[in-house]
Amino acid sequence: MEKLIITAAICGAEVTKEQNPNVPYTVDEIVREAKSAVDAGAAIVHLHVREDDGTPTQSHTRFQECTDAIRKACPDIILIPSTGGAVGMSPDERLDSTNTTPIPEMATLDCGTCNFGDDIFDNTMPTMRAFGKRMIEKGIKPEYECFEMGHLDTILTMARKGEVPGSPMQFNFVLGVPGCTPATVDNLCWLVNKIPAGSTWTATGIGRHAFTLAAPAIVMGGNVRVGFEDNLYLERGVLAKSNGELVDKVVRMAKLLGRQVATSDEAREILSLKR
Ligand code: KMH
Ligand code: ZN
C-alpha cells in the first residue's frame, strides 16, 4: 500500500473564531496553522484565505501573500488553493485564487451543484467547463471535490469528453456536509469502487465524521483530509487548539493501523505531480 497522504484544510471559508478561536484569519495566523499541520505530518495544505476581519476572499493578491509566507515557513509543502471559495461567490471571483506566481501545482475543482447547509453551492456545467479549461491550459492538476454521489459520474463524463484534466485523477470525497451524501463507509466504498484504475483518492469526513471516515480511508489505501475547514473538534466537546492537533491524531491512527505517512515529495510522486 502507498504511504498515506494527509491534507490539512486549515482555514475554510465558513468557520469562524466564534466557533473556535484558533481559526486563522490573518497571514500570520494562516502561516502558524500551516506550519503546525506540516510539523505534525501533513503533506498538503488545502487553502482558503481571509481578510484580517475573517471575510473570505479569493483575491489572488491575498493568496499570493499567504502562499509566499507559507512557502517560506514550509518550503516543500504542496498547496491546493480553493476554487470553491465561499457560497455565493461568482465563478470569476473563485478562479482568481489560481492567478498566483508560480501557478499552483494543484487546485480544487468542485464537481456539481449541491445543498450546503441552508445554502446552495453552485457549480453549473458551464462553470465546471470554464474551470476545467483553465486547469488544462495552465497545467494545474485538479483535486476533484465530490460532495454527492452523482458528482463522480459528472466529472468522469467531463474527463472522457476532455473538458477537464484526465488520468491520473485525484478525487476528494467530502462526505457529511448537511444536505449532501452522508459520511458512511458504505458510501465511501461505493465511490471508491467507481474511480478509474490509477486514480488516487482522499476522504474528508465533515464534523463528527472526521475521524470515523479517516479510519476506513487509512485501511482501504486512500488518503485523509482533516482541518478546521471540516471539523473544529479533537474529540467530542474538546475544541482543537491547532490544525496540527487534528493532523497528529490521524498520524497516530495511521501508526496504530500500520500505515506510513508520506512527506510532501513522496506525495508528489504518488499524485504524479511534476515539481
Ligand atoms: N466553501 C465551500 C462552499 C473548495 O474548496 O473547493 C466550498 C469549498 C470547496 O470549500
Ligand atoms: Zn475548501
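Scope of the values below: all heavy atoms of this structure, side chains included, with no hydrogens, waters or symmetry mates. Whatever order the structure lists ligands and atoms in, that order sets their numbers, starting from 1.
- With respect to K133 and E137, a salt bridge is recorded, a charged nitrogen being found less than 4.0 Å from a carboxylate O.
- Interface of E14 with ligand 1, defined as ligand atoms under 4.0 Å from a residue heavy atom, comprises 1 (N), 2 (C), 3 (C).
- Within the listing of ligand 1, atoms 4 (C), 6 (O) sit less than 4.0 angstrom from a heavy atom of G84.
- In this structure, R32 does not pair ionically with D28, as no charged nitrogen and carboxylate oxygen lie closer than 4.0 Å.
- Hydrophobic cluster of I206: the remaining members, joined at side-chain heavy-atom separations below 4.5 Å, are V87, F116, F121, F147, V174, V177, listed by chain and number.
- Interface of H46 with ligand 1, defined as ligand atoms under 4.0 Å from a residue heavy atom, comprises 5 (O).
- Listed by first and then second residue, the ring-ring contact (aromatic ring centres under 6.0 Å, His included) pairs involving residues 46-76 are H46-H48 (not counting sequence neighbours).
- Protein heavy atom closest to atom 7 (C) of ligand 1, with residue, atom name and distance, is F121 CZ, 3.5 Å.
- Under the 3.5 Å distance criterion, with hydrogens and angles disregarded, no donor-acceptor pair is assigned to the side chains of T263 and D265.
- For the atom pair NZ of K141 and CG of L273, the computed distance is 6.0 Å after rounding to the nearest 0.5 Å.
- For residues 156-182, every residue pair satisfying the salt bridge (Lys or Arg N to Asp or Glu O under 4.0 Å) rule, not counting sequence neighbours, is listed here: R129-E163.
- At least one side-chain heavy atom of R268 sits under 4.5 Å from a side-chain heavy atom of S264.
- Q170 and E143 are linked by a side-chain donor-acceptor pair at a separation below 3.5 angstrom, with hydrogens and angles left out of the test.
- Under a 4.0 angstrom heavy-atom cut-off, G85 registers as being in contact with ligand 1.
- Under a 4.0 Å criterion applied to the non-hydrogen atoms of T108, ligand 1 contributes the atoms 4 (C), 5 (O), 6 (O).
- Counting only heavy atoms of the protein, atom 10 (O) of ligand 1 lies nearest to E229 OE2, 2.9 Å.
- Of the polar atoms of S82, at least one N or O is found under 3.5 Å from an N or O of ligand 1, judged by distance alone.
- Each protein N, O or S atom less than 2.8 Å from the Zn ion (ligand 2) was counted, giving 3.
- Contact of the L152 side chain with the Y144 side chain is not registered, since no non-hydrogen atoms from C-beta on lie closer than 4.5 Å.
- Residue D110 approaches ligand 1 through these ligand atoms, each under 4.0 Å from one of its heavy atoms: 4 (C), 6 (O), 9 (C).
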